[in-house]
Amino acid sequence: MSQITMVRHGQANSNSTDEHGYDKLSPLGHEQAAWLGAHMRETHQTFDSVYCGTLRRHVETAAGMTAEQYAQITQDARLNELAYFDLSNAFEAYSGQSIPTLQKEFVAHMPRLFEAWMGGHLKDIPESFASFEDRVSQAMEDISARSDRALVITSGGVIGLMTRQVLDLNTDNFARTCLSIMNSSTHRFTKIGAKLSLSQFNNIAHLEQVGRHHAQTHI
């Protein structure tokens with residue numbers, strides 16, 4: 001059975017309020033990536049192909065993991081994250097609700113944003129939800145067809161979407177799943193028959209060691 005192991009990038013610049021400013025790893029994010037790469041080597045994990053999005057935080061995470069040791073890294077823009085800040089600005093214009101500043105506020109904000117996005121209510125946005133879902137699904141289908149054991153470095157929204165599809169999650173649970181995905185966590189999708197199934201979610205074994213619990217971050 002073929003497998004796709006997806007990695008959420010290390011902690012990015014969470015103090016930013018726009019897409020460009022957010023798109024780089026924090027010092028902790030670089031550490032998380034290095035620890036994950038070392039853990040994969042120590043546990044003798046192998047992959048026959050490696051993919052990542054084209055965003056800076058994806059490329060930096062792949063480099064920190066030394067993911068090129070497995071195979072040449074293929075960058076694919078279809079693995080890029082949804083434009084959360086742009087969507088939030090459009091949602092504010094639509095609903096009057098501003099972008100949250102506290103993590104607990106995101107729990108209420110994200111499902112409403114997703115409902116508006118999926119319902120086609122947001123204007124002047126980079127892409128529709130249908131376009132986001134289509135590009136991610138096509139990328140994963142292509143990777144699954146080409147590889148027996150693929151490593152994919154991407155973002156939480158992409159991983160959340162794949163989880164939504166295989167588990168048939170409603171909008172609220174889709175949003176909560178995205179919020180739960182931790183920096184540098186791994187997620188495994190195994191092809192059973194003609195379809196991918198979720199066989200591992202939010203694994204952070206590389207951050208469970210004493211002295212690393214502070215690195216178990218969501219934002």
Side-chain angles (χ1 to χ4, degrees), residues 1-14 19-20 22-82 135-163 166 178 180-191 196-209 212 215-219:
M1 293 183 289
S2 63
Q3 291 184 334
I4 299 174
T5 298
M6 302 184 78
V7 174
R8 185 190 175 195
H9 60 79
Q11 184 187 64
N13 181 26
S14 55
E19 304 293 344
H20 178 73
Y22 178 75
D23 191 26
K24 62 179 179 180
L25 293 190
S26 69
L28 179 58
H30 284 286
E31 282 192 304
Q32 291 168 332
W35 285 333
L36 176 57
H39 173 76
M40 286 182 163
R41 290 190 295 274
E42 290 164 2
T43 53
H44 305 288
Q45 298 185 44
T46 60
F47 306 95
D48 54 45
S49 62
V50 181
Y51 299 83
C52 74
T54 61
L55 298 176
R56 177 176 174 178
R57 58 190 183 272
H58 299 158
V59 175
E60 288 182 343
T61 300
M65 294 170 60
T66 61
E68 71 277 2
Q69 69 182 299
Y70 301 112
Q72 181 178 350
I73 300 172
T74 300
Q75 293 187 24
D76 189 336
R78 295 178 300 175
L79 299 170
N80 287 352
E81 179 63 299
L82 55 92
R135 68 167 165 88
V136 172
S137 298
Q138 189 60 58
M140 296 299 287
E141 287 177 12
D142 290 348
I143 291 169
S144 178
R146 294 186 199 129
S147 305
D148 288 329
R149 298 179 67 86
L151 176 64
V152 176
I153 296 100
T154 181
S155 290
V158 174
I159 298 167
L161 178 66
M162 289 302 302
T163 305
V166 300
C178 290
S180 74
I181 295 173
M182 302 180 74
N183 295 121
S184 73
S185 56
T186 64
H187 312 255
R188 186 162 295 149
F189 295 85
T190 302
K191 196 166 190 178
L196 290 171
S197 298
L198 183 66
S199 54
Q200 181 188 95
F201 182 78
N202 232 8
N203 183 0
I204 53 164
H206 60 296
L207 302 179
E208 297 285 9
Q209 297 183 30
R212 295 185 185 175
Q216 297 179 9
T217 59
H218 293 87
I219 57 174

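One is the number of the first residue; the rest follow in order along the sequence.
- Within the structure, side chain to side chain donor-acceptor pair (under 3.5 Å) pairs that include any residue of residues 150-163 comprise His58-Ser155 (at least two apart or interchain).
- For Ala77, the side-chain contact (heavy atoms from CB on, under 4.5 Å) partners two or more places apart in sequence, or in a different chain, are Thr54, Asn80.
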Output a table of donor-acceptor pairs, distance under 3.5 Å, between side-chain atoms of residues 29-40 and any protein atom two or more places apart or on a different chain; print 'none' if there are none.
unit_1	atom_1	unit_2	atom_2	d
Gln32	OE1	Gln11	N	2.8
Gln32	NE2	Ala215	O	2.7
Gln32	NE2	Thr217	OG1	3.0

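- By the side-chain hydrogen bond (donor to acceptor under 3.5 Å, both in side chains) test, Gln200 is found to be paired with Thr186, residues two or more places apart in sequence or in another chain being considered.
- Remark: Val59 pairs with Cys52, Gln75 by the side-chain contact (heavy atoms from CB on, under 4.5 Å) rule, at least two apart or across chains.
- Two residues are said to be in side-chain contact when any heavy atoms from C-beta on lie closer than 4.5 Å; His187 and Met162 fail this criterion.
- Every residue two or more places apart in sequence or in another chain that forms a side-chain contact (heavy atoms from CB on, under 4.5 Å) with Ser137 is listed here: Glu133, Gln165.
- Side-chain contact check for Arg8 versus Met182: every heavy-atom pair is 4.5 Å or farther apart.
- By the side-chain hydrogen bond (donor to acceptor under 3.5 Å, both in side chains) test, Ser199 is found to be paired with Thr190, residues two or more places apart in sequence or in another chain being considered.
- Evaluation of the side-chain contact (heavy atoms from CB on, under 4.5 Å) rule for Ser144 yields Ser2, Ile4, Lys191, Leu196 as partners, not counting sequence neighbours.
- Considering only residues two or more places apart in sequence or on other chains, Glu19 meets the side-chain hydrogen bond (donor to acceptor under 3.5 Å, both in side chains) condition with none of them.
- Looking at residues two or more places apart in sequence or on another chain, you find a salt bridge (charged side-chain N to carboxylate O under 4.0 Å, His left out) between Arg78 and Asp76, Asp142.
- The salt bridge (charged side-chain N to carboxylate O under 4.0 Å, His left out) analysis of residues 44-71, with sequence neighbours excluded, yields the pairs Asp23-Arg57, Arg56-Glu60.
- Ser180 meets the side-chain hydrogen bond (donor to acceptor under 3.5 Å, both in side chains) test with no other residue; sequence neighbours excluded.
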